[in-house]
Amino acid sequence: MRPTMREVFDQLVAEGLFAAEDAGRVGEAMAKEEAGPPWFVKALMGVGAWVATGMFLVFLGLLDLFDSTAALLIVGPLLVGAAVFLRTARGGPMATQTALSMSLVGQVMLVFAIAELAESLEVGALALLALSVLLIWVMPDPVHRFLSTLAVAASLFFLLYVLNEAVAPTIGFALLAAGTVAWWLPPPRLDGRLAQLRGPVGHGLAASMLVAILPDSLNLREGNHALIGSVILAAVVLWVEARLFIEARGKLDRTAWVALAVTALIAVATARVPGLQAALAVLLLSLHRREPLLFGEGATAFVFFLGWYYYALELSLLHKSLVLVVSGAALLAIWRYLLPRAVVEGAR
Amino acid sequence: MPHDPWARSASPDYLRALAQKQVLPEAAARRALELAAGTPPARDWLRVLRTGLLVVGSALLLAGVIFFFAWNWADLGRITKLGVIAVAIVAAAVVAWEKSPSLTGHVALFAACVLEGALLAVYGQAYQTGADPYELFTGWMLLILPWVIAARTPAFFALELVLLNTALTLFWVQVLEGRSTHPALLALLLFAVNALALAAFELYRRRTGTTDAHDWLPRLLAVWCFGLLVWPALVAVVGNDLKAPDAAVFVMLLLAVAAASFFFGKGRARDLFVLTTAWSSALVVADTLLGRLFFTELELEISGFFLLGLLVLVEVGALVTLLRRLARDAAPEVA
């Protein structure tokens with residue numbers, strides 16, 4: 001999906017932005033540069049932090065610390081502050097692990113205390129929202145930033161739900177969809193704080209959107225919510241597609257209009273499962289920005305929602321199997337006759 | 001992980017790190033970022049779309065065929081039923097023969113392998129052979145074995161292993177259950193089979209020098225193998241009813257961790273994912289044992305939770321430090 005360093009540097013040399021004889025120096029620097037731990041090591045750190053956090057929370061709970069709001073209000077912020085300091089000062093895995101665990105424990109204590117003091121879950125959710133936004137900015141840890149983004153999404157959903165139970169999920173995932181697109185569509189920055197936030201916050205937004213669309217996709221709510229969700233997300237997908245064509249070709253030519261029409265048709269056909277549109281939006285963004293992890297999220301969601309779409313069809317098994325065969329054959333016909341290899345390889 | 005840093009994927013984070021260290025001048029860094037994260041040319045979009053159409057279209061078609069026969073179309077005679085599937089298998093095999101070794105050929109051959117199962121299921125229903133389900137999966141596995149060997153791709157090996165695991169499990173449940181067999185023995189049997197498969201696959205990869213693109217199968221197998229040992233180990237620790245097979249699980253887990261460390265810990269064969277899986281499995285079981293020691297034997301109660309939390313932090317931190325050191329010591333070659 002992404003070009004290799006070799007391909008990028010060859011292009012830089014061809015464009016005169018880099019001297020070929022500097023390749024040795026760059027190669028040595030790359031050999032020394034640590035590319036960061038692989039995803040499964042980050043996952044191990046995250047799981048370890050959660051388990052340790054759970055243990056510490058139980059320990060504090062058994063000490064009856066949660067009975068004292070004053071203690072929570074003092075210890076919670078201290079833990080969070082110490083975690084930010086530790087993570088900023090030191091970058092090793094032990095410090096990362098400890099800071100993550102301390103911050104999670106401190107946040108739980110602080111939010112719990114605020115909710116207890118105000119005797120209001122809504123105030124607690126507001127506190128979590130504000131704290132998470134602050135920590136996304138100040139805590140220099142990608143796993144933490146991802147988790148904080150999930151917390152922002154969850155607290156926002158809760159607050160919307162309290163305001164209006166009926167439309168909260170629809171507004172919620174519309175906001176998340178808009179946020180995901182607005183985050184991933186522009187080109188990445190080279191420097192600045194926003195450059196560091198791009199990956200963790202972007203993945204958090206995409207994951208939150210895909211989870212938020214689950215109830216309507218699985219038809220867990222009564223009413224036309226799935227249809228409304230599909231309309232909103234189809235509009236998002238069409239807008240993203242149009243933007244990509246304009247960016248690539250400068251205008252919406254005939255190919256673009258055909259692609260948009262096909263996308264709209266697919267949206268109409270799959271309106272009962274808005275998750276498919278959400279997954280499609282994530283896939284488009286991931287391909288546009290060459291993000292393999294985002295592509296994985298989108299592909300997993302697409303397979304899940306596609307499977308659900310066919311499972312939920314209110315047809316007999318015989319008719320369902322015929323629908324599957326016909327749709328499969330149609331896709332294969334497009335593959336064979338409209339997109340033969342020669343056409344693809346000849347495209348620019 | 002690629003040993004050659006030039007073969008590394010040009011991620012935005014990596015380019016930013018190089019720019020910050022002033023390895024790249026700013027103009028070059030900005031252009032590199034555009035190249036790495038800019039929208040691909042139309043050809044790449046169409047390639048992805050083409051692959052997606054092939055994979056999704058084939059999956060839908062295959063699912064439709066399977067559901068069609070699952071519906072038990074009673075009006076069809078049994079010869080017709082079997083004939084339709086047989087024709088589909090032959091057609092898929094012909095396409096595979098014509099198009100191999102392309103993706104199209106492999107997808108067609110995979111479809112033929114799946115349809116073999118449908119053929120056996122319909123045969124069993126049509127002729128009421130009285131065969132147990134494990135016999136169906138065993139027959140399916142054996143019938144597609146020549147194609148699996150011919151294809152020599154991970155997806156086919158994965159299918160074969162799924163069928164093997166299913167057949168063994170069904171055999172255990174349907175034939176051996178009720179003969180005082182311990183569940184841990186099933187876990188050990190499945191572990192032995194899958195570990196052998198992993199060893200065979202790794203040997204094949206190392207002899208043929210297959211690229212990193214095939215990493216997913218040994219990693220999936222490693223996760224499955226260690227999962228097979230960890231689960232009964234945890235059940236034994238928590239259940240407080242240790243029998244000989246449980247002890248065997250613990251011994252096997254230790255041996256598996258040692259073997260994984262030896263075979264996947266050195267030189268070009270180093271695979272951090274497998275090492276992470278192995279050592280994490282050992283930690284999970286060890287921590288559960290310690291938890292039992294703290295709360296049941298030593299009766300620490302409150303302080304036990306604090307100690308366990310601290311232990312987890314230290315263990316995971318140490319493991320991650322070791323993994324990162326191994327990653328650095330992989331000695332990337334500078335082209």
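Model, not experiment: these values are computed from the prediction. Proteins come first, then strands; the chains are lettered A, B, ... in the order of their sequence lines, and each starts at number 1.
Contact of B:Val48 with chain A is made through the side chain alone, with heavy-atom distances under 4.5 Å. Using a 4.5 Å cut-off between heavy atoms, B:Ser58 touches chain A through backbone and side chain atoms alike. Interface residue B:Ser11: backbone and side-chain heavy atoms are both found under 4.5 Å from chain A. Neither the backbone nor the side chain of A:Leu293 comes within contact range of chain B; no heavy atoms are under 4.5 Å apart. For A:Leu283, no part sits under 4.5 Å from any heavy atom of chain B, backbone or side chain. Heavy atoms closer than 4.5 Å to chain A are found in the side chain of B:Leu319, but not in its backbone. B:Ile302 touches chain A through backbone and side chain together, each having a heavy atom under 4.5 Å away. Contacts of A:Pro187 with chain B are absent, with no heavy-atom separation under 4.5 Å from either backbone or side chain.
A donor-acceptor pair is defined here as one N or O able to donate and one able to accept, closer than 3.5 Å; no such pair exists between the side chain of A:Arg145 and the backbone of A:Val201. Formation of a donor-acceptor pair under 3.5 Å by the A:Arg290 side chain with backbone atoms of B:Gly38 is found in this model.
Heavy-atom pairs under 4.5 Å with chain B were tallied for A:Arg198, A:Glu15, A:Lys320; the largest tally goes to A:Glu15. The greatest number of non-hydrogen atom pairs below 4.5 Å with chain B, out of A:Leu287, A:Leu322, A:Val8, is found for A:Leu287. Chain A forms more heavy-atom pairs under 4.5 Å with one residue of B:Leu307, B:Asp287, B:Thr277, B:Thr104 than with any other, namely B:Thr104. With chain A as partner, the option from B:Ala36, B:Pro12, B:Ala63 having the largest number of non-hydrogen pairs under 4.5 angstrom is B:Ala36. Of the listed residues (A:Glu7, A:Arg189, A:Glu291), the greatest number of heavy-atom pairs within a distance under 4.5 Å of chain B belongs to A:Arg189. Ranking A:Leu244, A:Thr53, A:Leu100, A:Leu17 against chain B, the residue ahead of the rest is A:Leu17, based on heavy-atom pairs under 4.5 Å. In terms of heavy-atom pairs under 4.5 angstrom with chain A, the leader among B:Leu49, B:Leu24, B:Asp44 is B:Leu24.
Annotation: B:Arg47, atom CZ; neighbour count of heavy atoms from other residues, nucleotides and ligands within 6.0 Å is above 12.
Taking both residues in full, the closest heavy atoms of B:Ala19 and A:Leu190 are given as CB-CD1, 4.1 Å, listed atom of the first, atom of the second, then distance. The two residues A:Glu247 and A:Arg289 come nearest to each other via the heavy atoms OE2-NH2, 4.2 Å. In plain terms, the two heavy atoms of B:Phe67 and A:Ser321 that are nearest each other are CB-CB, 3.6 Å.
Taking the six-membered ring where the residue is Trp, B:Trp6 and A:Phe9 present perpendicular rings, their angle passing 60° and hence far from 30°.
Applying the side-chain hydrogen bond (donor to acceptor under 3.5 Å, both in side chains) criterion to A:His203, with sequence neighbours excluded, gives A:Glu297. Checked against ring pair (Phe, Tyr, Trp, His ring centres under 6.0 Å), B:Phe305 has the following partners two or more places apart in sequence or in another chain: B:Phe295.
Interatomic distance, B:Arg8 CZ to A:Thr4 OG1, rounded to the nearest 0.5 Å: 12.0 Å. Annotation: the span from B:Arg292 atom CZ to B:Leu290 atom CG amounts to 12.5 Å, rounded to 0.5 Å. Atom OH of B:Tyr14 is separated from atom CG of B:Leu18 by 5.0 Å, given to the nearest 0.5 angstrom.
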Which pairs of donor and acceptor atoms, one on a side chain in residues 323-336 of chain A, lie under 3.5 Å apart (sequence neighbours left out)?
residue: A:Ser327; atom: OG; partner: A:Tyr310; partner atom: OH; Å: 2.9
residue: A:Ser327; atom: OG; partner: A:Val323; partner atom: O; Å: 2.7
residue: A:Ser327; atom: OG; partner: A:Leu324; partner atom: O; Å: 3.2

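Among the residues in residues 300-308 of chain A, those with a non-hydrogen atom closer than 4.5 angstrom to a non-hydrogen atom of chain B are A:Phe302, A:Leu306.
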